[in-house]
Amino acid sequence: MSEHEAHDVLIEVRNLDKSFGDLQVLRGIDLNIRRGEVVVIIGPSGSGKSTLLRCLNRLEDPTSGSVKIDGVDITTRNVNLPRVRRQVGMVFQHFNLFPHMTALENVMEGPRTVLHMSRSDAECLAQGLLVKVGLADKANGKPANLSGGQQQRVAIARALAMNPDAMLFDEVTSALDPELVGEVLNVMRKLADEGMTMVVVTHEMSFARRVADRVVFLDQGLLVEEGPPDRIFHRAGHERTRQFLDQLHWDIASE
Amino acid sequence: MGYEWRFDVLEGNLEFLLGGLGLTIGLSVLSMIGSLILGLLLGIARLSPWRGMQFVTTIYSDFLRGTPLLVQLLWIYYSLPILTGVVFSPIASAAIALTFNLSAFVSEIFRAGIQSIGRGQREAALALGMTGWQTMTRVILPQAVRRVIPPLGSVWVSLFKDTALVSVIAVPELMYRGKVLSIETYRPVEIYTVVALIYFFVTFPQARAVDWLFERARVRS
């Protein structure tokens, strides 16, 4: 890769293996994610998608191989993990909002506790982010009083409050009622349009097709193939990719 | 059963008993506060990733829960001075024994409370860039503390009654004063009945309040 391209790469995964006991979940994954790129990871359940994502901010420790964020290997023993995680925001399937805080306090928590921002600055920032995800009127609501879609949008705002270089989305619409999926995907699409670097694990193929710059197909811990969505969805090179997409009733003819 | 009740023996003595109640309450409050602080630290230490810390705190907790409070009390009051030369007053010995004994139970409650908070909370906090300590103090403990209030209430109610044990080392609390009066007046029936009633009238509303806390927690979850 040329010098220019090397500078462009924000997340660099090399020969990544991950095992849970005897079970090998990831096998020799190589993946580069460039600044501003939206990469969608698809694959059957148990294929290692979420584990791969969780290795990118060391919520999982890789068994071997390396992950570099902005050139810094985060798999070494003495890496400053809180510092790494500030750079990489994460949104979870089950939202994981802090239930003892309001929506606004959830968004303020990272800037306040981790960045030691003043209360007024953090509040201003959080208000702005809640406006951005369309929840300005829910600032003082507790998570328990918000719908799943609203909670997930607060969770996105919470991650954005750290001003991360990249965002990781781990099946963020899988726990939502179908009618609430759209509002979350719309926020994500807006982020993508603004140039946020995003790694998205999802089963929402329409999102992958419309928003992804690149689609990565994982099966049984192997990165089977990757490419632009148009190619993966219409001219996949591997039989396993085609089988997987067929099983999703992905109707190519209707597109 | 022609026992003739003579509650007039209480005349002039009730104040003496109620003075003992003051000490019972004071001792309970002091031991509770001490055991909350010690128990919280021990509860967190038991969840430490460091094996040595887990081992030491588990032994501490098992030992204190596996021996009678009365034995611990007598050991601190009679044995410790012989071994170390450090002599504690009866009240100090009582407070120390109650605090250590209780801290083992309190630590188990805190440990269970902390473990009851879903893994996702910890992960969300870490993903924001919080340190382990920030995750504990900002996210896990504020939620865990709410959950442990009812069981801690039960501990408090038991503690309040268990303080009667310290009468064996002559701490002049309610039970001890009852014993003194019953000997002085030769009226154990009336005196111990009144002592029991005093314990009951103080304990009962608190026990009911704890039941209410449990019920409220059940409804919320």
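So you know, we letter chains A, B, ... as the sequences are listed, proteins then strands, and number each from 1.
The aromatic rings of Y60(B) and F100(B) lie tilted to each other, with the angle between the two planes from 30° to 60°.
By number of non-hydrogen pairs under 4.5 angstrom with chain B, the leading residue of Q93(A), H94(A), R83(A), R54(A) is R54(A). Ranked by heavy-atom pairs under 4.5 Å with chain A, the first of Q134(B), R138(B), M130(B) is R138(B). Taking A159(A), A155(A), P82(A), A161(A) one by one and counting their heavy-atom pairs under 4.5 Å with chain B, the maximum is reached by P82(A).
A donor atom on one side chain and an acceptor atom on the other are found under 3.5 Å apart for E108(B) and S61(B).
Salt bridge R158(A)/E109(A): absent, no basic N to carboxylate O contact under 4.0 Å. A salt bridge is defined here as a Lys NZ or Arg NE, NH1 or NH2 lying under 4.0 Å from an Asp or Glu carboxylate O, and R35(A) with D70(A) meets this definition.
With a 4.5 Å cut-off on non-hydrogen atoms, V88(A) touches chain B through its backbone but not through its side chain. The contact between F98(A) and chain B is made by backbone and side chain atoms together, counting heavy-atom distances below 4.5 Å. When heavy atoms are compared at a cutoff of 4.5 Å, R122(B) does not approach chain A at all. Heavy atoms of L97(A) lying under 4.5 Å from chain B belong exclusively to its backbone.
Screening I156(A), V187(A), L191(A) for a side-chain contact (heavy atoms from CB on, under 4.5 Å) with K132(A), the sole residue that qualifies is L191(A).
Between the side chain of R177(B) and the main chain of P172(B), a donor-acceptor pair closer than 3.5 Å is present.
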